[in-house]
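Scope of the values below: all heavy atoms of this structure, side chains included, with no hydrogens, waters or symmetry mates. Order of listing sets the numbers, starting from 1, for every ligand and every atom in it.
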Amino acid sequence: MSMPSEGLASVLAPVRHVLLDFDGPVCSVFAGVPAPEVARRLAEQLSGPDGPPPGHEESDPLAMLRRIADERDDLVPLADETLARLEMEAVDRAQPTPGGVAFLEACAASGRVVWMVSNNATVAIARYVDTHGLGRLIAGQFGRVSGHPRSMKPSPELLFAAMAAAGARPGDCIFVGDAVRDIEAAHAAGMDAIGYANKPGKDAALTRAGAAAVVTSMGELARATGGGSSESFASLP
Ligand SMILES: [Mg+2]
């Protein structure tokens with residue numbers, strides 16, 4: 001389900017600060033170096049005399065990191081650092097999301113401030129932002145706290161950190177993300193969320209999770225955010 005633009009516009013009207021997920025709305029982090037390959041290399045690099053790390057069978061490296069945090073606290077610093085290095089490599093081959101930059105520009109043009117809030121490593125996000133010249137459109141980046149995987153969404157911890165940096169209240173903010181855990185984290189932080197359903201079937205899951213609105217393209221969200229001439233968004237997907 002995608003929303004009529006008037007519905008989106010009313011969700012966006014009070015928003016001054018946009019907390020934005022990275023993997024999904026901005027780019028597809030593991031488009032060039034697939035997540036299962038990253039997971040396999042992470043497991044390999046963490047295997048030692050005690051065998052492979054907990055969650056070594058996971059195809060999602062962030063899920064593996066969560067399992068390690070639950071079961072092998074001693075391994076967390078090395079696991080987090082190793083994964084951050086692999087994510088740095090992955091972002092160099094990440095696929096930008098169509099309409100993602102247009103959304104950032106629409107936020108800037110409409111006087112809204114964007115804060116990146118992501119379970120990926122801050123160093124990897126910063127590398128992507130630099131490489132793609134997006135620094136002028138993003139006020140700050142809150143990746144998972146290094147060595148503290150429990151900071152990851154659905155925890156609201158990173159959202160609270162972004163709000164503190166912004167000097168904002170939940171009512172001034174919205175979270176935009178493509179996963180149910182993004183919606184859950186937003187609600188735990190007291191704010192509404194817009195779901196980005198980038199795959200078939202995700203819209204229903206995001207709606208069920210309580211997203212205030214769901215879009216199927218970032219271009220649609222850019223158009224609803226406005227701030228510039230509507231013509232500049234007309235050709236967006
Ligand atoms: Mg995401």
Quiz item: For H148 and E157, does a side-chain donor sit closer than 3.5 Å to a side-chain acceptor?
Solution: yes
Quiz item: For the Mg ion (ligand 1), does an N/O/S atom of D23 lie at less than 2.8 Å?
Solution: yes
Practice problem: Name whichever N, O or S atom of D21 ends up nearest to the Mg ion (ligand 1). | Solution: OD2
Quiz prompt | Atom name of the N, O or S atom in D178 that lies nearest to the Mg ion (ligand 1) | solution = OD1
Quiz prompt | Distance, nearest 0.5 Å, that separates CG of D80 from CD of E87 | solution = 8.0 Å
Quiz item: Within the side chain of R112, is there an N or O that forms a donor-acceptor pair under 3.5 Å with the backbone of C107?
Solution: no
Quiz item: Is L19 close to V176 at the side-chain level, that is, under 4.5 Å between some pair of heavy atoms?
Solution: no
